[in-house]
Amino acid sequence: MPRQIFQLKMSLAGVRPPVWRRVLVPAGYTLDRLHRVVQHAMGWRDCHLHSFEIDAVQYGEPDPDGELALHDELDVRLDAVLGKGSRFSYTYDFGDWWEHDLVVEDALTADPEERYPVCLEGERACPPEGIGGPSGYQALLVALADPADFADPAHAALRDWAGSTFDPSRFDAGRTGTLLRRFC
């Protein structure tokens with residue numbers, strides 16, 4: 001029987017201009033594997049806690065202290081809880097609180113010649129880790145928009161912190177696809 005593939009669009013909530021990715025993943029992936037796909041597709045480094053919310057049920061890594069009531073993401077296959085048109089969320093870094101809106105745009109038959117997951121397209125670089133969530137990222141964008149504004153020490157500090165190579169408009173779907181196939 002041919003494998004089913006989900007086409008997912010993941011969008012970072014609360015940021016403008018939009019940061020998003022469109023990926024193809026096997027429908028038989030567990031939520032744990034989807035977590036790795038989101039991490040590599042968005043550009044995160046997997047340094048923080050995360051959770052999924054699907055139909056008001058929270059999934060993630062079990063908390064050994066029992067403080068977070070999460071169902072084990074290792075036990076849940078995508079095709080058991082999602083289908084075409086499903087909408088759900090993924091939250092990364094409970095301090096910065098990066099919410100991602102995900103939608104299953106389509107359910108397709110796998111191409112036997114293709115290796116999955118695949119990144120089809122996307123826009124804009126992922127915000128740097130530790131920037132302070134959507135509001136911190138907005139402050140960074142303001143600071144980057146006027147690099148000649150050295151009168152504001154907060155802007156200069158943000159530019160220095162992000163580094164000279166960070167370009168918020170940059171996204172390379174080919175490079176992201178290579179990372180997905182290598183690590184997911």
Side-chain angles (χ1 to χ4, degrees), residues 1-15 18-122 126-131 133-134 171 173 175-184:
M1 180 164 193
R3 288 188 312 158
Q4 186 178 42
I5 300 298
F6 284 160
Q7 178 177 302
L8 300 174
K9 182 174 182 185
M10 54 186 80
S11 304
L12 193 54
V15 299
V19 175
W20 62 272
R21 309 290 184 260
R22 182 168 284 119
V23 297
L24 300 175
V25 298
Y29 267 17
T30 60
L31 288 174
D32 171 63
R33 290 200 65 190
L34 180 59
H35 158 68
R36 292 193 305 255
V37 169
V38 174
Q39 287 290 301
H40 291 288
M42 294 304 288
W44 300 119
R45 295 185 318 239
D46 198 9
C47 302
H48 304 281
L49 295 173
H50 68 276
S51 68
F52 290 94
E53 184 174 323
I54 303 170
D55 294 329
V57 177
Q58 297 285 321
Y59 300 92
E61 292 182 41
D63 180 6
D65 299 326
E67 293 178 22
L68 299 173
L70 299 174
H71 294 268
D72 192 343
E73 66 189 4
L74 288 170
D75 297 336
V76 182
R77 285 174 46 129
L78 300 180
D79 55 7
V81 293
L82 301 170
K84 184 177 178 179
S86 295
R87 294 183 175 277
F88 60 110
S89 67
Y90 170 84
T91 303
Y92 174 62
D93 185 349
F94 297 160
D96 280 1
W97 203 261
W98 293 108
E99 286 188 85
H100 302 70
D101 298 318
L102 290 94
V103 62
V104 180
E105 294 181 318
D106 208 349
L108 313 160
T109 301
D111 177 347
E113 304 297 317
E114 184 66 71
R115 282 186 56 209
Y116 297 96
V118 172
C119 180
L120 298 173
E121 59 185 333
C126 185
E129 300 245 10
I131 193 68
F171 175 69
R175 182 178 189 287
T176 299
T178 298
L179 290 172
L180 290 175
R181 286 186 295 280
R182 183 177 296 156
F183 296 113
C184 298

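Heavy-atom basis, side chains included; hydrogens, waters and symmetry copies ignored. This one's a predicted model, so the numbers in the text were calculated from it and none came from an experiment. All residue numbers in this chain count up from 1 along the given sequence.
Considering every non-hydrogen atom in both Arg3 and Pro26, the closest pair reads NH1-CG, 4.0 Å. Across Tyr29 and Cys184, no two heavy atoms sit closer than the pair OH-O, 3.1 Å. The minimum heavy-atom distance linking Glu99 with Thr91 is given by the pair CG-OG1, 3.8 Å. Contact record, Gly14 with Pro134: O-CB, 3.4 Å, taken as the closest heavy-atom pair. Contact record, Leu31 with Ile54: CD2-CD1, 3.9 Å, taken as the closest heavy-atom pair. Listed here is the closest heavy atom pair of Pro117 and Val25: CB-CG1, 3.9 Å.
The distance from atom CD of Glu61 to atom CG of Leu74, rounded to the nearest 0.5 Å, is 8.0 Å. Distance check: Lys84 NZ to Gln4 CD gives 10.5 Å after rounding to the nearest 0.5 Å. Residue Leu12 holds its CG atom at 5.0 Å from NE2 of His100, rounded to the nearest 0.5 Å. Rounding to the nearest 0.5 angstrom, the gap separating the SG atom in Cys119 from the CZ atom in Arg175 is 12.0 Å. Once rounded to the nearest 0.5 Å, the distance linking OH of Tyr116 with CZ of Phe6 reads 13.5 Å. The distance from atom CG of Leu70 to atom OH of Tyr59, rounded to the nearest 0.5 Å, is 11.0 Å.
Side-chain contact between Leu82 and Leu102: absent, with no pair of heavy atoms (C-beta onward) separated by less than 4.5 Å. Under the 4.5 Å side-chain criterion, counting only non-hydrogen atoms from C-beta, Phe52 is in contact with Leu34.
Checked against salt bridge (Lys or Arg N to Asp or Glu O under 4.0 Å), Arg22 has the following partners two or more places apart in sequence or in another chain: Glu105, Glu121.
With Gln39 contributing its side chain and Asp46 its backbone, the two residues share a donor-acceptor pair below 3.5 Å. For Glu129 (side chain) and Arg45 (main-chain N/O), a donor-acceptor pair under 3.5 Å exists by modelled atom type. A donor-acceptor pair under 3.5 Å is absent between the side-chain atoms of Asp96 and the main chain of Trp98, judged by distance alone.
For His50 and Tyr90, the ring centers sit closer than 6.0 Å to each other.
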Query raised in the report: Should Arg36 and Phe183 be marked as a side chain to side chain contact (heavy atoms under 4.5 Å, CB included) after you check the CA-CA gap, both sets of side-chain angles, and the distance that decides it?
Result: CA-CA 8 Å; Arg36 292 193 305 255; Phe183 296 113; over 6 Å; no
Report task. Any chance you could lay out the side chain to side chain contact (heavy atoms under 4.5 Å, CB included) test for Val81 and Val57, step after step, and finish with the verdict? Result -> CA-CA 10 Å; Val81 293; Val57 177; over 6 Å; no
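With Leu24 as the fixed residue, the side chain to side chain contact (heavy atoms under 4.5 Å, CB included) test singles out one of Val118, Val37, Asp106: Val118.
The aromatic rings of Trp44 and Tyr92 lie tilted to each other, with the angle between the two planes from 30° to 60°.
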